[in-house]
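See structure below.
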Number of protein chains: 2
Amino acid sequence: MAGDDEGAKTEPAHDRSLHQRIRADLEERILSGAWSPGHRIPFEHELMAQYGCARMTVNRVLSGLVEAGLIERRRRAGSFVRRPAGQSAVLRIPDVKAEVLSRGETYGYELISGTRRKATRDDRARIAVAAGAPLLALLCRHVADGRPYALEDRLIALDSVPEAADADFATELPGTWLLGHVPWHEAEHNISAAPADARTAARLDVPVGTACLVMERRTWRSGQPITAVRLWYPGDRQKLVARFTPSTAAGR
Amino acid sequence: MAGDDEGAKTEPAHDRSLHQRIRADLEERILSGAWSPGHRIPFEHELMAQYGCARMTVNRVLSGLVEAGLIERRRRAGSFVRRPAGQSAVLRIPDVKAEVLSRGETYGYELISGTRRKATRDDRARIAVAAGAPLLALLCRHVADGRPYALEDRLIALDSVPEAADADFATELPGTWLLGHVPWHEAEHNISAAPADARTAARLDVPVGTACLVMERRTWRSGQPITAVRLWYPGDRQKLVARFTPSTAAGR
DNA sequence: AAGTGGTCTAGACCACACC
DNA sequence: GTGTGGTCTAGACCACTTA
C-alpha cells in the first residue's frame, strides 16, 4: 500500500524524512572514513531491506550522493566511495557594499569616471567584444569608514546591455544595477596579487607598490559578454574566505 | 502501464532522459531571463500535463532546481524563480604538483625543514590545538621548470594524525600524503595578498616586498584540527581561477 | 476548505556491463 | 544470461499555507 512507510512513521526519529536520514547515515559513514575511498557501499536492494523502504527512496539518496561527488556508481558493479579529487571550495564573493557593511563599517561610493568608447585592443583583451564595439568604462572607488577600500575598474558591453548607457552610475552601484538588469549570468574569476601602480596607489591612498589582491571577474550570458571588472583591494585590508564541506561541493 | 513514457521514447530527442530534458527546458527559461526572478513557474500538475509524465518526474526536476538554488518553492503558493544572491563561485584549488604539470612545466619539490615541536602561541593562532600539543612543522618549496613556484609552510596536528610523525616528507608531498591518510575533511581557505618578507623572498628567489598571493588553508575533521598550511605564490606567476555557473553553484 | 508541495510505494522496462 | 543501476509510473498520504 502506498504511504505506509513503516520505517518512517513508527519511529519519528527527529522529524527528518526517511531519505534525509538515510542520506545522513551514509554521509556519516563516508566522511568519518568508516567507508574509505574505493569501498563498495551496499546495493540498492540491500539498503531497501536495511531501511525497509522502496527502491526509489534509496535511489534518490544515492543519486544525491553522486551529485555531491561523494560516490560514483557503475552498472553491474555497484556504488563506490570516491576519492576526493583535489581541493574545491565554494568561494562566496559578496558585493563590495555588503562586504563593508558586514564588517560593521560605514560604506561610501564614488564614481571617479565613466566614459563611453569603442573597444580598444586593450579592452578586447579583457572583454571579448568585436573590435570597435561600444563599451562603457567605469572607474569607481568603494570607501569604508572614510578610507578607500577597493578600486573598481569596469567595462560594460553596451551591445549586450544597451540600457546601461542611461543608468546613473554616480548614485547606483554598477554591480547592483547589472544584477537587477541581467539577473543570471555565468562568471569567471581570476584572483592574483599585484603591486599597486602609481595611479592605483594614489586612488587607494596607499604607498606605491603595496601588495594588492586583484580580483578580475568576467561575466556573460549565453556567450554574450556582459561585463569585465577588476577590483583592487589593498592586501592587508581584504581577505577572501572560502569554506569547503565535502557534502556540498563536488570534487569533480 | 509503467515505462510507456510517451514523450521519452516516441521522440528519442537527443538521447537525454525525460527529466534531463525538462530540467534543461526550465533552466533555459530561467537563465535566459524569459522567466525573471519572482516569476511563478507552472505548478507540478501543469508540467505533468505539458510533458505528459508522472508527477514524480517533474517533482524530481523541481527538487533539483531548488538544490541548485535556481528556484524556491512554497506550499500552496507555487514555485518561484529566485533572485541570484551575491556572487558565489566554485573555486578549484588543485594540489600544487598537478597545477604545475598542467601548465606544461616540470615539477620539483624540496623539503626545506621539518621539525617536531610543541605548539607555541603563534602556532595556536594558526591551528586550534591545545597548548603544548605536538605539532609537525614543515617548510617546503615547490619548483616549476627549475624556478621556485610556491613556498609551503605547514603545521600538522600530531594528536589528530599521529602517523604523520613517521612519514617521509622529503620524498612525499605533505598534501598528497594527508589526502591519502585523512581522505575527507572540511576546509577553510583564506586568500590575501602580502609583500614577501626577507626570508620568504629569498626562498622564492624574488625581490623583497614582491606582491604574493597567500593562500591559507585550515582543515579539520569532525572538529579535530588536522593541518594548517600557508602557500606563498609570487603574484605574477599564479592565478586562482574560479568559475560560476548558476545551475551548479547555489547562491544561498 | 482547498490546493500546493513533500514524501513514499510497489511495481515496471530498459541499458549496460560482466560473465 | 544475469544483476546492477537509470528511469518512469500511477497512485497515495501527509503537512502546510492561504483563503
Side-chain angles (χ1 to χ4, degrees), chain A residues 1-26 39-82, chain B residues 1-26 39-82:
Chain A
M1 203 197 311
D4 65 340
D5 38 320
E6 310 174 28
K9 294 300 181 297
T10 58
E11 191 81 44
H14 313 103
D15 261 15
R16 292 182 304 175
S17 62
L18 178 54
H19 75 264
Q20 284 173 327
R21 276 184 293 134
I22 301 177
R23 166 88 181 233
D25 272 14
L26 301 185
H39 179 87
R40 207 211 77 224
I41 76 177
F43 297 125
E44 293 191 347
H45 65 82
E46 294 173 320
L47 291 171
M48 283 173 63
Q50 282 177 36
Y51 290 96
C53 66
R55 190 179 150 223
M56 189 83 197
T57 306
V58 300
N59 185 287
R60 176 177 174 175
V61 170
L62 295 177
S63 301
L65 291 176
V66 169
E67 213 172 328
L70 287 179
I71 67 170
E72 58 189 342
R73 314 191 71 188
R74 291 196 302 274
R75 288 179 155 121
R76 173 78 202 208
S79 306
F80 301 86
V81 176
R82 277 178 51 115
Chain B
M1 202 199 308
D4 65 340
D5 38 320
E6 311 175 25
K9 295 299 180 299
T10 59
E11 190 83 42
H14 313 101
D15 263 12
R16 291 183 303 175
S17 62
L18 178 54
H19 74 264
Q20 284 174 326
R21 275 184 295 133
I22 300 177
R23 166 87 182 233
D25 272 14
L26 301 185
H39 183 270
R40 209 212 75 226
I41 76 177
F43 296 125
E44 293 191 347
H45 65 83
E46 293 174 317
L47 291 171
M48 283 173 64
Q50 282 177 36
Y51 290 97
C53 66
R55 192 181 147 219
M56 190 80 194
T57 306
V58 301
N59 185 287
R60 175 176 176 176
V61 171
L62 295 177
S63 301
L65 291 176
V66 168
E67 212 173 330
L70 287 179
I71 66 171
E72 58 190 341
R73 314 190 71 189
R74 290 197 301 274
R75 290 180 154 122
R76 173 77 203 212
S79 306
F80 302 86
V81 177
R82 275 179 51 115

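Because the structure is predicted, anything quoted here is derived from the model rather than measured. In what follows, chains carry the letters A, B, and so on, assigned in the order in which the sequence lines appear, proteins first and then strands, with residues in each chain numbered from 1.
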Which nucleotide in [options] has an atom nearest any side-chain atom of [X]:
| X | options | answer |
| --- | --- | --- |
| A:N59 | C:dG5, D:dT7, D:dC8 | D:dT7 |
| A:L18 | C:dC18, C:dA1, C:dT9 | C:dT9 |
| B:R60 | D:dT7, C:dT9, D:dG5 | D:dT7 |

Expressed as a whole number of angstroms, how long is the span from [X]:[atom1] to [N]:[atom2]?
| X | N | atom1 | atom2 | value |
| --- | --- | --- | --- | --- |
| B:R75 | C:dG5 | CZ | P | 10 Å |
| B:M48 | C:dT4 | CE | P | 12 Å |
| A:I22 | C:dT7 | CD1 | C1' | 12 Å |
| A:F43 | D:dT2 | CZ | P | 17 Å |
| B:H45 | D:dG11 | NE2 | P | 17 Å |
| B:E44 | D:dC14 | CD | C1' | 14 Å |
| B:R23 | D:dT7 | CZ | P | 13 Å |
| B:H19 | D:dT9 | NE2 | P | 12 Å |

[Y] side chain reached by [X] side chain, heavy atoms, under 4.5 Å:
| X | Y | result |
| --- | --- | --- |
| A:L65 | A:L62 | yes |
| B:N59 | B:R73 | yes |
| B:L18 | B:T57 | yes |
| B:L70 | B:L26 | no |

Exercise. Taking OP1 and OP2 of D:dT7, is either one under 4.0 Å from a side-chain nitrogen or oxygen of B:T57?
Worked result: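 The answer is no; no side-chain N or O of B:T57 sits under 4.0 Å from OP1 or OP2.
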For this session: Examine D:dG5: is either OP1 or OP2 under 4.0 Å from a nitrogen or oxygen in the side chain of A:S79? Give yes or no.
Result: yes
For this session: Answer with base, sugar-phosphate or nothing: what part of the nucleic acid does A:S63 contact at a heavy-atom distance below 4.0 Å?
Result: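 No contact.
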Exercise. How is B:R73 classified with respect to the nucleic acid when contacts are heavy atoms under 4.0 Å: base, sugar-phosphate, or nothing?
Worked result: sugar-phosphate
Exercise. Does A:R76 get its side chain close enough to the base of D:dT2, under 3.5 Å, for a donor-acceptor pair?
Worked result: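 Result: at least one qualifying N/O pair found.
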Exercise. Can A:Y51 and A:D25 be said to form a side-chain contact (heavy atoms from CB on, under 4.5 Å), step by step?
Worked result: CA-CA 11 Å; A:Y51 290 96; A:D25 272 14; 2.8 Å; yes
Problem set entry | Comparing A:S17 and A:R55 on DNA chain C - which has the more 5′ nearest nucleotide | A:S17
Problem set entry | Nearest-nucleotide 5' precedence on DNA chain C, A:C53 against A:R74 |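 Residue closer to the 5' terminus by nearest nucleotide: A:C53.
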Exercise. Taking the nucleotide of DNA chain D with the closest heavy atom to each, which residue, A:M56 or A:L62, is nearer the 5' end?
Worked result: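 Between the two, 5'-proximity favours A:L62.
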